[in-house]
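Heads up, the thing below is written out as structure tokens.
Counting begins at 1 with the first residue of the sequence.
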Amino acid sequence: MSEPLTKSYVDATDPSHPIQEDLVLYELFERARERGVVGEVVNLETNRRFITTEILEKADDYAKGMLALGLIPGEDTFTVIGCSTMEAINLFTACSAIGVAYAHPYIYTPMDISITSILPNMTPRAVLVGEGAAGTFCTSFLELFEETSTYPKSDRLPFIEHIFYDNSHNDRAPAHKCLNPLSQLTEIGKSVSDKQLEEAKKSVKPEYRLHHLFSSGSTGKPKCIAHSHYSLANELLQLRAENLEPMLTMNPNTDELISYSCAAWVLAGKVSKCVFIPDIREDVPLSETGKVLTQSVIDEGVQYLMIPGSVSTMIRNCILNDKVDFPSIKLFLNGSQIVSRGFKENLKKCFHGMAFTDYGMTETFFIATSSVNDTEEDEEARMQARLVVKPNTQLRIVDTNGEVVDIGKDGMVQVKTYSQLKEYRKQEQLTKDLFTEDGFVKTGDVGVMHQDGTLTIKGRAADAIRFKVLGSLMYPGPIEEAMSQHPAIDDISVIAGSTNDYYGDELTFCIKLKADTVRPTEEELIAYGTTHQLGKSQRPCRLIFMEELCYTDNFRKVSKKKLREAVHEMIAKDSTTGLCNWYKEFLAVCDHGIWHRSNCGPC
């Protein structure tokens, strides 16, 4: 056993499994094909299934079409909007084959503004557009183009030269003359020979951009995050297992990071089958979606759930409500957000397997994960969300001066890994600001490292709540973990609602209650927090009950930035909004000028 650490730095270099400097992603797909490994993809949108050799053959046809269009490997981008899961995966595979960059960005409302703010980051010459399950994507996109022009003509998107249409969701023929059916891409590719395609594949460089991903936009405008072939290929190569049992995962219109990662796993022979969930739509009750997903897990023999906690909850609710005899799952993902112990325990009661947690960023992919060993100590570490740094990665926790802190002390998490982004597209200064002088990525997260080299993430530094009276910081994560288990609470987000000259940032609980529940009192909530190990300093200054919390533009998670803005607006209109009784008394003492440390509310 290695000596306990004294400083918060881990170098997880693994010489037995080194990084390959000259590797491109498609090479791993070809290796699987040469070995005769055939995986399967099940598309729950259409209830159709495909084998990986079919995907690779279709991708070759599309790749020829891209070359016939004159798209330049290493420079140009092909973008899809609102198209079906399978066509998206076929096109992603085609782009990876010949070195054309790929993008499948989130499109949120208002769609025209979203499209015209996101696409210029990539300047794609070719776009595939479909209606999506919601039936609105293509309509919003085409409104930006002249209807009678034979070639795409748009003042707001002048760089687009080719538009193809995917009618998988909605079989109609838009009137725009510049629009071509997707089959046309295959047709024009017939002018490219097999030899030309092979030459294009061999010319792909590891440093070429492959996948453009987008942040959720929780801190403002979504950033265009460019990853290279080197980054994605080595991330896949680190998964050493082969032909793992079937997994249920997201579809590309819902989560581009998880979905394409799992698509790459099955194409490279790492996973035997991927089942892609359908779009989660507002006009379809969550209970109905939960039933579809639950039945698919049973029918397809799924052993791994690579889905966010919100989707896992749909399945759990179906199991409990319908008393489904559900099979044991080997491993299920809780997501990269801070997740309460109670939430994991509730899922384990239904799924029985390992409650797997990962930590990462779109900029870096996975950084650290739960241990998957099966000892009692490892199980407890998983429930505590203690994370193991992934191989061939360096991670350190530093103070405000950039110095590595002692073990057990909070600090900022920085990481250097093979899978970190190539750049923020067209944002040179933002790219520069992300890195330290010695090449570490500044994650913006606060964490603490333990003597065995595992770490715990406490939350975003930007979400920290500062106390003047204590001279310390508080992070929302532990409070949200504890309070989210309250039987009346459907969702909770903790923010700094306002700032008081005496107290500092006011701890504000923004709460969405479950339907048909009685609103708990301040005293009941504080008592509940106390019984769940929350200290006096972690009780709320304000309680604000909301019908819905504020979410990021793509509805993936709560946006604390938007939530703070909404609460600040409420307080500006009425300074007494949500004030708790104990805090009112504290403010009254301050107003009378008799405040001193012994009167301090949180002490």
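To the nearest 0.5 Å, the span separating CZ on Phe545 from CD1 on Ile492 amounts to 9.0 Å. For the atom pair CG of Leu5 and CG of Asp452, the computed distance is 8.0 Å after rounding to the nearest 0.5 Å. If you take CE on Met449 and OG1 on Thr454, they are separated by 8.0 Å, rounding to the nearest 0.5 Å. Rounding to the nearest 0.5 Å gives a distance of 10.5 Å between CD1 of Ile489 and CD of Glu480. Rounding to the nearest 0.5 Å gives a distance of 13.0 Å between NZ of Lys584 and SG of Cys541.
Between Glu569 and Lys573 there is a salt bridge, since at least one side-chain N of the basic residue sits less than 4.0 Å from a carboxylate O of the acidic one. Lys390 has a carboxylate O that lies under 4.0 Å from a charged side-chain N of Glu235, or vice versa, which qualifies the two as a salt bridge. The existence of a salt bridge linking Lys561 and Glu565 is confirmed by a sub-4.0 Å separation between a basic side-chain nitrogen and an acidic carboxylate oxygen.
Within a 6.0 Å radius of NZ in Lys426, other residues, nucleotides and ligands contribute more than 12 heavy atoms. Other residues, nucleotides and ligands contribute more than 12 heavy atoms inside 6.0 Å of the NZ atom of Lys514.
Although no hydrogens or angles enter the test, the distance criterion places a donor-acceptor pair under 3.5 Å between the side chain of Lys560 and the main chain of Val494. Counting only distance, with no hydrogens or angles, the side chain of Glu522 and the backbone of Asn581 share a donor-acceptor pair below 3.5 Å.
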Steps toward salt bridge (Lys or Arg N to Asp or Glu O under 4.0 Å) verdict (Asp505, Arg564): CA-CA 12 Å; Asp505 292 342; Arg564 284 192 293 267; over 6 Å; no

Worked verdict on Leu347 versus Leu305 for side-chain contact (heavy atoms from CB on, under 4.5 Å): CA-CA 11 Å; Leu347 289 183; Leu305 300 182; over 6 Å; no

CA sep, side-chain torsions, deciding dist, call: Lys422, Ser231, side chain to side chain donor-acceptor pair (under 3.5 Å): CA-CA 8 Å; Lys422 183 179 177 68; Ser231 166; over 6 Å; no

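Using a 3.5 Å distance cut-off with no hydrogens or angles, the side chains of Tyr9 and Gln394 do pair a donor with an acceptor. Of the N and O atoms on the side chains of Asp410 and Tyr475, not one donor lies less than 3.5 Å from an acceptor on the other residue. Checking Asn392 against Thr13 by side-chain atom types alone, no donor-acceptor pair falls below 3.5 Å. In this model, a donor atom of one side chain and an acceptor atom of the other lie less than 3.5 Å apart for Asp433 and Gln429.
Ring orientation note: the planes of Phe365 and His227 are tilted relative to one another, at an angle of 30° to 60°. Tyr102 and Phe92 have perpendicular rings, their planes meeting at more than 60° on a 0 to 90° scale where under 30° would count as parallel.
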